[in-house]
Student: 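The structure's right below; bear with me while I get my questions together.
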Amino acid sequence: MRPLDETEMSAVMEKLYKFVGNNLKNLIENPSHEGPDSIPGRYCFRMNKNKIYYCSESLVKRATNIARPNLVSLGTCIGKYTHGGNFHLTVQALNLLAANAKHKVWLKPQSEMSFLYGNHVLKSALGRITETIAAGDGVVVFSMSDVPLGFGIAAKSTQDCRKLDPNGIVVLHQGDIGEYLRMEDEL
């Protein structure tokens, strides 16, 4: 478990900023009330075996008692680095993204299962969409009852979605909660 270097941290921050925008400050400055200290600590990012974890500083201090080969996980795994050096968010980051999301899309109940099977979001599946989405923005996908289902990249802006035919792709799928079942060995 080690702190991120400057290039790794900038890649993680850029990816998170794509989804949460200026709310990224809330993630970093969020006070941590874990541990025996009466003064709240802070959250930080750590890397272990090419996976990035979001955890409190007090938890990191307590984890130093565990040998590195024996340490499996610490905090919330928010993403991983690929062999090519790219950073990808994983589905475990969904709670952080949903709480601080800048752009949101709500799906109709009959379309939720299609998204949870790993398919892109079509215009016919949209229940609601936030107004200021531009093509290429990070989007968090919710059910109509505000349960976070996953996240993706906007293929079209909000204005373009209004003119789009019903079978047009609105959100490109990146991750969903169905991955817990489909890829349980890899997570």
Side-chain angles (χ1 to χ4, degrees), residues 1-104 115-116 118 136-142 146-154 171-187:
M1 190 68 65
R2 68 171 179 80
L4 303 177
D5 65 28
E6 210 169 297
T7 58
E8 293 166 343
M9 184 62 95
S10 67
V12 170
M13 292 299 164
E14 285 173 16
K15 186 67 83 164
L16 288 173
Y17 185 79
K18 191 174 207 175
F19 285 91
V20 299
N22 293 332
N23 294 335
L24 183 60
K25 187 174 87 170
N26 297 344
L27 281 178
I28 297 168
E29 296 177 358
N30 188 16
S32 165
H33 298 286
E34 295 178 1
D37 300 334
S38 60
I39 301 169
R42 301 185 87 170
Y43 283 94
C44 60
F45 296 97
R46 292 289 186 258
M47 180 181 231
N48 187 28
K49 300 176 186 170
N50 82 353
K51 291 188 177 182
I52 306 298
Y53 294 93
Y54 177 73
C55 53
S56 67
E57 290 175 345
S58 66
L59 187 61
V60 171
K61 288 177 189 173
R62 287 183 271 157
T64 56
N65 297 331
I66 301 170
R68 280 190 186 197
N70 297 339
L71 188 63
V72 177
S73 179
L74 181 70
T76 303
C77 178
I78 62 163
K80 62 182 179 177
Y81 274 95
T82 62
H83 293 293
N86 297 325
F87 177 70
H88 290 268
L89 287 172
T90 57
V91 69
Q92 293 100 326
L94 182 60
N95 289 338
L96 292 173
L97 296 177
N100 298 293
K102 182 177 166 186
H103 304 298
K104 300 177 182 181
F115 181 73
L116 294 178
D137 284 346
V139 176
V140 178
V141 179
F142 290 88
D146 282 332
V147 175
L149 299 176
F151 55 92
I153 300 295
V171 178
L172 301 171
H173 176 274
Q174 280 200 332
D176 65 80
I177 56 176
E179 289 179 16
Y180 285 118
L181 297 175
R182 292 193 311 267
M183 300 181 200
E184 64 183 308
D185 293 336
E186 298 171 20
L187 296 177

Student: Hey, could you give me the NZ/CG distance between Lys104 and Asp146, rounded to the nearest 0.5 Å?
Tutor: 7.0 Å

Student: Is it true that a side-chain atom of Arg46 and a backbone atom of Glu57 form a donor plus acceptor pair closer than 3.5 Å?
Tutor: no

Student: Is there side-chain contact between Val20 and Lys102, with heavy atoms separated by less than 4.5 Å?
Tutor: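 SC-SC contact between Val20 and Lys102 ruled out.
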
Student: Which pairs, with at least one residue in residues 3-25 and sequence neighbours excluded, count as a salt bridge (charged side-chain N to carboxylate O under 4.0 Å, His left out)?
Tutor: Arg2-Glu8

Student: Could you give the distance from CG (Leu16) to CD1 (Ile28), rounded to the nearest 0.5 Å?
Tutor: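 Those atoms lie 8.0 Å apart.
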
Student: Do Leu149 and Leu116 make a side-chain contact, defined as non-hydrogen atoms from C-beta onward lying under 4.5 Å apart?
Tutor: yes

Student: Just how far is it from atom OG of Ser56 to atom NZ of Lys61, taken to the nearest 0.5 Å?
Tutor: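 Reported value, rounded in 0.5 Å steps: 9.5 Å.
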
Student: So do the side chains of Val147 and Phe142 get within less than 4.5 Å of each other, counting heavy atoms only?
Tutor: no

Student: Do Ile153 and Val171 make a side-chain contact, defined as non-hydrogen atoms from C-beta onward lying under 4.5 Å apart?
Tutor: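 The answer is no; the side chains never approach within 4.5 Å.
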
Student: Do the non-hydrogen side-chain atoms of Val60 and Cys44 ever get within less than 4.5 Å of each other?
Tutor: yes

Student: Minimum heavy-atom separation for Cys55 and Gly75, please, with both atom names.
Tutor: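 That would be CB-CA, 3.7 Å.
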
Student: Quick one: pull up CG in Leu27 and CG in Asn100 and give me the separation to the nearest 0.5 Å.
Tutor: 4.5 Å

Student: Between Phe151 and Phe19, does the ring centre distance come in under 6.0 Å?
Tutor: yes

Student: List in chain and number order the residues that pass ring pair (Phe, Tyr, Trp, His ring centres under 6.0 Å) with His103, two or more places apart in sequence or in another chain; answer none if no residue qualifies.
Tutor: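 If we apply the ring pair (Phe, Tyr, Trp, His ring centres under 6.0 Å) test to His103, skipping adjacent residues, there are no hits.
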
Student: Yes or no on side-chain contact (heavy atoms from CB on, under 4.5 Å) for His88 and Thr82, after CA distance, side-chain angles and deciding distance?
Tutor: CA-CA 7 Å; His88 290 268; Thr82 62; 3.0 Å; yes

Student: Would you compute the distance between atom CD1 of Ile177 and atom CD of Glu179 and round it to the nearest 0.5 angstrom?
Tutor: 10.5 Å

Student: Is the shortest side-chain heavy-atom distance between Thr76 and Asn95 below 4.5 Å?
Tutor: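 No, their side chains stay 4.5 Å or more apart.
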
Student: Flag the pair Arg182 and Asp176 as a salt bridge only when some basic side-chain nitrogen lies within less than 4.0 angstrom of an acidic carboxylate oxygen.
Tutor: yes

Student: If we only count heavy atoms from C-beta on, is the Ile78 to Leu96 side-chain gap below 4.5 Å?
Tutor: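 Result yes, sub-4.5 Å side-chain heavy-atom pair found.
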
Student: Do the side chain of Asn50 and the main chain of Tyr81 share a donor and acceptor less than 3.5 angstrom apart?
Tutor: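 Yes, the answer is positive, given that a donor and an acceptor are paired below the 3.5 Å cut-off.
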
Student: Which of parallel (below 30°), tilted (30 to 60°) and perpendicular (above 60°) describes Tyr43 and Tyr54?
Tutor: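 The rings of Tyr43 and Tyr54 lie parallel, inter-plane angle below 30°.
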
Student: Between NZ of Lys49 and CE of Met1, what distance do you get to the nearest 0.5 Å?
Tutor: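 So the gap between those two atoms works out to 9.0 Å.
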
Student: Are Ile52 and Cys77 packed together at the side-chain level, in the sense that at least one heavy-atom pair is separated by less than 4.5 angstrom?
Tutor: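 With C-beta onward as the side chain, the pair stays apart.
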
Student: If you take all heavy atoms of Asn23 and Ala101, which pair is closest and at what distance?
Tutor: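 Closest approach of Asn23 to Ala101: ND2-O, 4.1 Å.
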
